[in-house]
There are 4 protein chains.
Amino acid sequence: MKLNCDLGESFGHWTKGLDEQAMAQIDQANIACGFHAGDPIVLANTLRLAKQYNVEVGAHPSYPDLAGFGRRSMALSANELRQTLHYQIAAIIGMASVQDLTVSYVKPHGALYNDMMKDRDIRATVMRAVADYPQPLALMLQGTPNFEDHQQQAREVGVELLFEAFADRCYGDDGLLLNRQQPGAVLDESAMLKQVDGIVARQEIITQNQQRLCFPIDSLCVHGDNPTGVAQLTRIRQVVHPNDH
Amino acid sequence: MKLNCDLGESFGHWTKGLDEQAMAQIDQANIACGFHAGDPIVLANTLRLAKQYNVEVGAHPSYPDLAGFGRRSMALSANELRQTLHYQIAAIIGMASVQDLTVSYVKPHGALYNDMMKDRDIRATVMRAVADYPQPLALMLQGTPNFEDHQQQAREVGVELLFEAFADRCYGDDGLLLNRQQPGAVLDESAMLKQVDGIVARQEIITQNQQRLCFPIDSLCVHGDNPTGVAQLTRIRQVVHPNDH
Amino acid sequence: MKLNCDLGESFGHWTKGLDEQAMAQIDQANIACGFHAGDPIVLANTLRLAKQYNVEVGAHPSYPDLAGFGRRSMALSANELRQTLHYQIAAIIGMASVQDLTVSYVKPHGALYNDMMKDRDIRATVMRAVADYPQPLALMLQGTPNFEDHQQQAREVGVELLFEAFADRCYGDDGLLLNRQQPGAVLDESAMLKQVDGIVARQEIITQNQQRLCFPIDSLCVHGDNPTGVAQLTRIRQVVHPNDH
Amino acid sequence: MKLNCDLGESFGHWTKGLDEQAMAQIDQANIACGFHAGDPIVLANTLRLAKQYNVEVGAHPSYPDLAGFGRRSMALSANELRQTLHYQIAAIIGMASVQDLTVSYVKPHGALYNDMMKDRDIRATVMRAVADYPQPLALMLQGTPNFEDHQQQAREVGVELLFEAFADRCYGDDGLLLNRQQPGAVLDESAMLKQVDGIVARQEIITQNQQRLCFPIDSLCVHGDNPTGVAQLTRIRQVVHPNDH
């Protein structure tokens, strides 16, 4: 089980996230590529931190929407989306190569992530864009009861999948996250740690109505953009990697 | 002697340049990387043309200034310039890799090109940014009587230089281009072809005042952004590559 | 009956549209405000043309999407859309004031126009954004058989509506435009002039299946972005304003 | 004597500045217009705060450089600069009008401010751009021993000037600010309050070498982008407006 976190989401003179504190504790850094956040200097600095803490690097591409931080759906054509992904993945692969780093996976950001999970055609375009690269790149997406369907779709273009779960979010019986607006959608720390423990020990998630769900999970998504998130990350890490110093 | 041309300078729904007509006749395409022109779809399409016509691919990075088309100097710090170049070069290297193409050189665009020629520190930063890449990338700049100084500067960071000359521009006795506003700064077609012939046959340029200058020239810069430029390119090509169909 | 045309859709060094030729023949210029096209210099130049040809000025705001030319839907919140409209309308009102010009209406652009016609909530937000201005601004939208519903919605916020029709597009029996991909969706010149004549003489449109539709139309949308459009515009003008020079 | 502060410098999901805390204590808010910071939502929210605290509103336009926060000089032509200023001033005037607010002055931001102080031609372009507006707009710039020259230049285009001084910066004997990198360039709190007192009581500034300089000062520039700045602002306010609650 790994821990992944969105990082490199500052831009110009605007700072966002406690990147160094989070980087020190995670296994996989999803690094913004410049379209929702992450100008070239931010990208270079975040890659440097990843190298320093020996953290795996993933591209975190987005719809092209700085003002909206990539959180607003945009009706891109399949070709627009594909090339927009190629460009962002290219940017981080090349800048990583300058620091002798390798990018090993892609995790779409924000509205693109949500659209990818909901829409088979968008998912197909994302998978194809990732598969287009000559070096092996995995695609990180949300682990759900539909994982076999997603795996089948990925096999068609030859992309490996990494499934992530959300440590601090309550799952509905359908295996999807409760909407943030619903009461109980965000777990308190004790429930969160219990959920992490269930995932790590038994690959299982207990839903809102106490159903037991089982599907593959490779990584837990944690938060580095605020002090609470970083504090929780420390505790989650103790559950996931108990033997680390 | 090679022919190089700036291409891929459309953006979104705005078209600029007769890219396919020019691509069919040149040896080296300087392709915009998204900061003064060239969104991801334009970049992909231009790379496809380069592949189709078997043309060498160069990165054509710029100051970040879409509205000014990269023609306005910007006071970037050395680190800002370096990372901005890394990012743009990365973008084209990665997108080229998707089409099984290699990027072999970098030619800065517009105001950045001019600033690089005038300012030793900016030139040093550009050279270093190019040298930072693990794969070999040459830097294309203007051939001038100061070429040995430029070569010395390049050797310090381990970058190969490619020198270009301008087919249609009158040179002053100092080996620099006359300002476009001066009478006689842009050569008519007959003078242009004579200059091309002198460069190709004898590596020599006859200046405004009939001085003879000699310095290394690897490539001639030609224009593909208007019908006159493309027509001249056809004639220049007949001088430079007389045995081609 | 007036003629309206989208103008000022160049950006930086990219030129789009035969603005002066079109401006000489129309009554209302829908001028881009900088979010899909139209940087400040383009805006100023287009306003100058409008003044020279004594053409009414309308704001032509868009989703914030330069690379997509405002043709891609974006999921903005109501507040984001409202402020984004305020900003763009402000930009043109102020720049018009510098040239002693007044902006009299707003016509949304591209995907925003389509979304406004399809979605009551988006239409309400657009209407409210227009109504928020202290000076009177009309909203131009598509004339349809639902015009009374649209008028009712506009009355609630106190906005005057201007209805436009499309000279060169075939209408379905539902009063909506046939999709451009359908055969017959774009009228040939003779059918176009007949449609213009029907609208001008009898406020009627004959649909794809020869149904006769009647709804208010204040203005005809014509095209200035290509030579064919401008040539047609000349002929449409002869039908609409037969007594002009 | 008034207190002015740069505000509205957040962008999208990035927050910068303690805008409400600062707004509660100042007299004049220099509000970003979208080119270095301040998207439409931020602009609207900042105007709302200005209204709530009854603070005078000024436009704070910039070079078009989001990634550089307007702190990098850009070689705009006079016309580019003029229209770029018109556009930004228009944006805030219009958005202010929606909230029944008036914009009374313009203070350029960052590199543009510095370039305006150093370069007579750029200053002339800025003055002309401000004068172009039909409503009266003052221009705020740095008070210096050259104030009469600046006033003469402003009279030629009919613009009123507002002179500002910097509460926390040490002045050289030439009346210019010491470079931030020099020791003693930024005053400690006690020296700052002494300087404020000198300005308020006697319109005088004591320079680095204890020279006494006298020139008109209408407003003191204070900082709202960090807790220290806001704490100092509270103390400065007690000196400047001792009788306020």
Side-chain angles (χ1 to χ4, degrees), chain C residues 8 10-13 31-35 38-48 57 59 61-64 66 74 76-103 106 125 128-137 157, chain D residues 8 10-13 31-35 38-48 57 59 61-64 66 74 76-103 106 125 128-137 157:
Chain C
S10 296
F11 188 80
H13 288 244
I31 300 182
C33 303
F35 278 41
D39 65 69
I41 296 103
V42 169
L43 233 177
N45 292 342
T46 312
L47 286 164
R48 194 167 300 119
V57 171
S62 167
Y63 288 129
L66 266 187
M74 288 181 73
L76 271 63
S77 72
N79 188 45
E80 288 172 336
L81 177 53
R82 192 177 169 200
Q83 305 303 349
T84 296
L85 289 168
H86 283 172
Y87 186 96
Q88 294 180 74
I89 298 168
I92 189 169
I93 286 178
M95 294 195 72
S97 80
V98 166
Q99 299 195 35
D100 200 20
L101 285 166
T102 303
V103 175
V106 176
T125 300
R128 183 156 171 216
V130 174
D132 286 332
Y133 267 87
Q135 63 259 68
L137 290 170
V157 291
Chain D
S10 296
F11 187 80
H13 288 243
I31 300 182
C33 303
F35 278 42
D39 65 70
I41 297 103
V42 168
L43 233 176
N45 291 343
T46 313
L47 287 164
R48 193 167 302 119
V57 171
S62 165
Y63 288 129
L66 266 187
M74 287 181 75
L76 269 61
S77 72
N79 188 47
E80 287 173 336
L81 177 54
R82 192 177 170 201
Q83 306 303 348
T84 295
L85 289 167
H86 283 173
Y87 186 96
Q88 293 178 76
I89 298 168
I92 189 170
I93 287 178
M95 293 193 74
S97 80
V98 167
Q99 298 195 37
D100 201 20
L101 285 167
T102 303
V103 175
V106 176
T125 300
R128 184 156 171 215
V130 174
D132 286 333
Y133 267 86
Q135 62 260 66
L137 290 170
V157 291

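Remember, predicted model here, so these are calculated numbers, not experimental data. The sequence lines fix the lettering, A, B, ..., with proteins before strands; numbering per chain opens at 1.
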Okay, C:Leu43 and chain D: the region with an atom under 4.5 Å from a heavy atom over there is side chain
Answer key: most heavy-atom pairs under 4.5 Å with chain C among D:Thr84, D:Ile93, D:Leu85 is D:Thr84
So CD of D:Gln135 and CD1 of D:Ile89: to nearest 0.5 Å the spacing works out to 9.0 Å
Exercise for the section: Take the angle between the ring planes of D:Tyr87 and D:Phe35 and call it parallel below 30°, perpendicular above 60°, tilted in between. Expected result: tilted
Pair count under 4.5 Å, heavy atoms only, with chain D: among C:Ala96, C:Gly34, C:Pro64, C:Pro134, highest is C:Pro134
**Message:** Within the 3.5 Å criterion, strictly below it, is a donor on D:Arg82 or D:Asn79 matched to an acceptor on the partner's side chain?
**Reply:** no
Closest non-hydrogen atoms of D:Thr102 and D:Val57, given as atom of the first, atom of the second and distance, are O-CB, 3.8 Å
